[in-house]
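Notes for the one structure printed next.
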Protein chains: 2
Amino acid sequence: MGRWEPDSRGRLERAALALFGEHGFENTTVAEITARAGLTERTFFRCFADKREVLFGGAGALRELLVSTVDGAPENADPLDVVVVAFEAAAAMLQERREFALQRQAVIAANTELREREVIKLSLLATAIAGALRRRGVSETAASLTADTGIAVFSAAFTAWINETEHREFPLLIRESFDELRAVTAGAARS
Amino acid sequence: MGRWEPDSRGRLERAALALFGEHGFENTTVAEITARAGLTERTFFRCFADKREVLFGGAGALRELLVSTVDGAPENADPLDVVVVAFEAAAAMLQERREFALQRQAVIAANTELREREVIKLSLLATAIAGALRRRGVSETAASLTADTGIAVFSAAFTAWINETEHREFPLLIRESFDELRAVTAGAARS
DNA sequence: TAGAGTGATGACAGTCACTGACATCAGGCC
DNA sequence: GGCCTGATGTCAGTGACTGTCATCACTCTA
């Protein structure tokens with residue numbers, strides 16, 4: 001066995017989520033998190049850029065899944081359809097850890113700073129998706145609009161998935177939210 | 001004349017924007033800002049919730065304009081059309097201070113923390129717009145989708161307004177971006 | 001198998017954003 | 001003239017975050 005207990009990053013993540021749930025984000029110090037994880041503050045900041053980031057370790061994997069799905073879609077597929085399929089895949093991924101997602105979302109929803117971080121993570125996803133669309137030949141404006149729209153659809157579906165009492169399939173909710181978007185935009189006047 | 005120079009808030013805003021432009025956001029301390037403005041740090045934090053907020057004083061006025069425009073739209077107007085008109089009004093407002101907007105946006109673009117704050121301000125705008133739409137009888141999901149879509153359209157148009165060499169009218173760019181959105185969504189397959 | 005890396009961690013001092021509590025003082029009001 | 005009020009100053013904190021150097025189990029190599 002190594003000199004130290006393994007998986008310090010994971011221990012910090014679990015300790016943080018537990019403490020944030022118990023006392024709230026603001027009322028939890030990094031010192032308390034590291035104490036529970038059996039580490040020092042310095043190690044915390046080597047693992048995570050700042051205190052908030054300990055809740056957002058999964059964002060990278062999500063981005064990779066979305067981008068690789070877009071990259072792997074049939075060449076002539078409609079951009080918005082491609083994005084929807086990518087988000088369905090992401091939804092399926094998140095669905096496998098529903099309990100964790102619920103707990104994490106409760107913590108984030110309770111704190112503005114954390115919502116800031118979440119929102120910018122979403123916008124980074126949008127940027128990554130827009131980049132993947134551009135590689136498919138979609139124009140700059142259309143790419144960012146499509147990506148942002150995808151994020152909007154995803155956010156609406158995520159809220160439904162978290163809040164609905166009848167636990168429906170997350171990918172199905174994505175599909176429904178997309179249909180609603182089409183209804184919204186189809187009704188608008190042509191200028 | 002009062003005991004102190006007037007408009008301490010405005011002096012802090014101007015000092016901050018100037019210093020952020022010269023040395024960057026991270027390399028500027030609140031002490032430096034207050035020194036240039038002839039005030040103390042404590043006063044800074046009485047005017048602004050945190051260091052970033054000094055750049056976002058106008059967000060409230062923007063929100064009020066958007067919400068009041070949505071509230072004042074004809075009863076039977078299409079929700080997305082209403083939102084577009086509101087953003088055209090907002091664009092006209094921003095256009096009157098183009099130089100300031102350019103300088104401010106350069107500072108924000110150069111710093112992730114500031115982009116975080118900007119993105120969440122946009123999402124707060126979306127929430128406010130969605131609320132106004134709900135008051136018009138639009139369903140929860142449609143309202144948030146429409147509002148988010150409006151923000152996406154606005155963001156795309158704003159980027160164009162900032163970057164384009166040929167200085168076209170901002171409200172016109174909003175209208176164009178909206179048309180592009182319609183093209184994007186109209187092309188997608190029906191599920 | 002000894003000795004030289006290597007990489008994760010600890011120790012510690014420092015900066016700076018931000019807060020609470022109390023002091024100060026010009027101008028308005030009675 | 002005296003009191004109140006509101007904006008500001010002063011000061012001592014707390015806690016997030018960083019730079020730097022020390023430590024030490026493990027590994028590789030001669």
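Labels below follow one simple rule: chain letters A, B, ... track the order of the sequence lines, proteins then strands, and each chain is numbered from 1.
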May I have the distance from [X] (atom [atom1]) to [N] (atom [atom2]), rounded to whole angstrom?
X: A/N111; N: D/dA16; atom1: CG; atom2: P; result: 13 Å
X: A/E113; N: D/dA16; atom1: CD; atom2: P; result: 10 Å
X: B/L39; N: C/dC18; atom1: CG; atom2: C1'; result: 17 Å
X: A/L12; N: C/dA8; atom1: CG; atom2: P; result: 14 Å
X: A/D7; N: C/dT9; atom1: CG; atom2: C1'; result: 15 Å

OP1 or OP2 of C/dT9 under 4.0 Å from side-chain N/O of A/S8: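 Affirmative; the distance criterion is met.
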
A/T40 side-chain N/O to C/dA11 phosphate OP1/OP2 under 4.0 Å: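 It does not, given that no N or O in the side chain of A/T40 lies less than 4.0 Å from OP1 or OP2 of C/dA11.
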
Please list all pairs passing the side-chain hydrogen bond (donor to acceptor under 3.5 Å, both in side chains) test where one or both residues lie in [range], with sequence neighbours left out.
range: residues 140-150 of chain A; result: A/R134-A/E140
range: residues 88-98 of chain A; result: A/E88-A/R175, A/Q95-A/E169
range: residues 63-73 of chain A; result: A/D71-A/R135

Contacts under 3.5 angstrom, residues 121-133 of chain B side chains, donor-acceptor by atom type, not counting sequence neighbours:
| from | atom 1 | to | atom 2 | distance (Å) |
| --- | --- | --- | --- | --- |
| B/K121 | NZ | B/E53 | OE2 | 2.8 |
| B/S123 | OG | B/I120 | O | 3.1 |
| B/T127 | OG1 | B/S123 | O | 2.9 |

Side chain of B/R42 - closest among D/dG15, D/dC11, D/dT8: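 Of the candidates, D/dC11 comes closest.
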
Closest to side chain of A/E41, choosing from D/dC17, C/dT9, C/dC16: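 Closest nucleotide to the A/E41 side chain: D/dC17.
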
Backbone N/O of B/L181 and side chain of B/T185: donor-acceptor pair under 3.5 Å: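 Judged by distance alone, yes, a pair lies under 3.5 Å.
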
Report the residues that fulfil side chain to side chain contact (heavy atoms under 4.5 Å, CB included) with [X], sequence neighbours left out, ordered by chain and then residue number.
X: A/A15; answer: A/I33, A/R36, A/A37
X: A/A31; answer: A/T29, A/E41
X: A/F25; answer: A/F20, A/K51, A/R52, A/N111, A/E113, A/L114

Residues within residues 16-28 of chain B bordering DNA chain C, heavy-atom distance below 4.0 Å: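 Listed by number, they are B/T28.
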
Aromatic ring proximity, centroids under 6.0 angstrom, A/F170 and A/F154: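 When the ring centroids of A/F154 and A/F170 are compared, they turn out to be within the sub-6.0 Å range.
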
Residues within residues 45-54 of chain B bordering DNA chain D, heavy-atom distance below 4.0 Å: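 Output list: B/R46.
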
